[in-house]
Number of protein chains: 2
Amino acid sequence: MKPKFKRVPKHIGIIPDGNRRWAEQQGMPKESGYSHGIDPGLALYETCVELGIPEVTFYGFTQDNTKRPSAQKLAFQQACIDAVNLLSNRDASLLVIGNTESPQFPKELLPYTVRQTFGKDLIKINFLVNYGWKWDLANGLKSEKPRDDIHKTIASRDISRIDLIVRWGGRRRLSGFLPVQSIYADFYVVDDYWPNFDRSHFYDALKWYDEQDITLGG
Amino acid sequence: MKPKFKRVPKHIGIIPDGNRRWAEQQGMPKESGYSHGIDPGLALYETCVELGIPEVTFYGFTQDNTKRPSAQKLAFQQACIDAVNLLSNRDASLLVIGNTESPQFPKELLPYTVRQTFGKDLIKINFLVNYGWKWDLANGLKSEKPRDDIHKTIASRDISRIDLIVRWGGRRRLSGFLPVQSIYADFYVVDDYWPNFDRSHFYDALKWYDEQDITLGG
């Protein structure tokens, strides 16, 4: 049953962690976890559309992550490609953001680095692929004309401020996730692994968010 | 009794929130809470020295905070002045960081904006005063020679990477606290208000940190 909320966040960040720990728990090699993270992503997309949440950003993989063993790297790259392709068959405007100048960025995702709407424009989805917080923030340092507003200078400037971050897998840290957009975000941690995604996890996060006092640092 | 830990963080960030809510709970005006946050700061300093923690950063007040009613602003400015003066009678190297070009920065704290050692050099203490994340990050944008490493360009570049952030007052958000240094930090929230500080809160945070798997995004 879909619960009711006084207010829902305008923009939610999703850190889908715990794929490797989930695989190990199942007695499978670590890299097998990532493909089990795709269906949860689609279920989350559907839940957001039902609730009228206007924007969601998924933490796909980072430049830090690409230092992992090659089997894992290939597996999470493929999972991101598959997830984005599946979402392009739904109703959403899609944008992939990350460092495209590195060979770690999957070529298959280049067409999505300019925002495109597929089907009905029901929700904005951003997907971070080969993203790096240093890469993101350093973008402004390269700019020739100095600017005051850091948000307008970063590589991810097309992604808006985030209200709520939900992280699966029990860890209470941001791990480089969009530092500028996350400044005032409320941070909710689900103790279960991402491949065990259940709508109730997400509803619990939204219920908790509903009770928070929003001050934007004031 | 002082508990034992396998490892303690090298650098801890402290967000001492809940002073106003504590005051209201006591039937006092909101601004009365801040002066009750000074003794907890000294107790925390002593605990860190006992445990051999080499660096602590306190979130004093922010540029966002200065938009609050004047009675509150005066009270938290005074509490920061008093706290820094008291710490200068202990054994620590002290550094105050914030936007000194604004009238909101207390003149009394200007001598501390260059790191100074008082007594024995037992711990590095950083105190954020009239700090703003936009101010901090925009510093690099003003630089004439472009740099790759954002940490070297920010106004708070003398503050190192943070391992653990402990926030009192129940809110699960960073509220602009040192975004670059907090990228990989583990984040622990104490549900009690800061003026109710008890060493057990801090020990619980360290016990929790002791069980975390440190990956630095890898």
Side-chain angles (χ1 to χ4, degrees), chain A residues 17 21 61-68 131-154 162-165 167 169-189 208-209 211-218, chain B residues 17 21 61-68 131-154 162-165 167 169-189 208-209 211-218:
Chain A
D17 194 27
R21 285 173 284 159
F61 71 88
T62 65
Q63 296 186 284
D64 286 332
N65 296 155
T66 60
K67 296 163 199 154
R68 292 182 187 164
Y131 173 86
W133 67 273
K134 283 186 183 169
W135 164 81
D136 192 8
L137 296 182
N139 191 67
L141 305 177
K142 290 183 292 186
S143 153
E144 290 201 3
K145 59 173 169 188
R147 284 177 180 272
D148 264 353
D149 184 352
I150 184 99
H151 196 157
K152 289 186 182 147
T153 71
I154 56 180
I162 293 176
D163 299 304
L164 170 67
I165 296 170
R167 179 172 186 142
R171 288 181 178 149
R172 304 192 213 162
R173 55 178 86 142
L174 291 178
S175 307
F177 181 73
L178 294 171
V180 168
Q181 291 91 335
S182 301
I183 289 283
Y184 299 121
D186 277 299
F187 186 42
Y188 184 91
V189 175
W208 172 79
Y209 177 79
E211 292 153 14
Q212 302 311 303
D213 178 27
I214 305 305
T215 63
L216 300 183
Chain B
D17 194 28
R21 285 172 283 160
F61 71 88
T62 64
Q63 297 187 281
D64 286 332
N65 297 156
T66 61
K67 295 165 201 153
R68 291 181 188 165
Y131 173 86
W133 66 273
K134 282 186 182 169
W135 164 81
D136 192 8
L137 297 182
N139 191 67
L141 304 179
K142 292 183 292 188
S143 153
E144 290 202 1
K145 58 174 170 186
R147 283 176 180 274
D148 263 352
D149 184 352
I150 184 100
H151 196 157
K152 289 184 182 147
T153 71
I154 57 179
I162 294 175
D163 298 306
L164 170 66
I165 296 168
R167 178 172 188 142
R171 289 182 177 149
R172 305 191 211 164
R173 55 178 87 141
L174 292 177
S175 308
F177 182 73
L178 295 171
V180 168
Q181 290 91 335
S182 301
I183 290 283
Y184 299 121
D186 277 300
F187 186 43
Y188 184 90
V189 175
W208 173 79
Y209 178 78
E211 293 154 13
Q212 302 311 304
D213 177 28
I214 307 302
T215 63
L216 302 183

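Each chain gets a letter, A, B and so on, in the order the sequences are listed, and its residues count up from 1. No experiment lies behind these values; they were computed from the predicted model shown.
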Check ion pair Asp186(A)-Arg172(B) (N to O, under 4.0 angstrom): no
Once salt bridge (Lys or Arg N to Asp or Glu O under 4.0 Å) is applied, do any residues pair with Arg21(A), and if so which ones, sequence neighbours excluded? Asp17(A)
Does any heavy atom of chain A fall under 4.5 Å from the side chain of Trp208(B), the backbone, both, or neither of them? side chain
Most heavy-atom pairs under 4.5 angstrom with chain B, which of Arg68(A), Lys67(A), His151(A)? Arg68(A)
Residue selection (most heavy-atom pairs with chain A, distance under 4.5 Å) from Leu216(B), Ile165(B), Leu174(B): Leu174(B)
Side chain to side chain contact (heavy atoms under 4.5 Å, CB included) assessment of Phe187(A) paired with Arg167(A): CA-CA 8 Å; Phe187(A) 186 42; Arg167(A) 179 172 186 142; 4.0 Å; yes
Ser182(B): partners by side-chain hydrogen bond (donor to acceptor under 3.5 Å, both in side chains), with sequence neighbours left out: none
Between Thr215(B) and chain A, with a heavy-atom cut-off of 4.5 Å, which part of the residue counts as in contact: side chain, backbone, both or neither? both
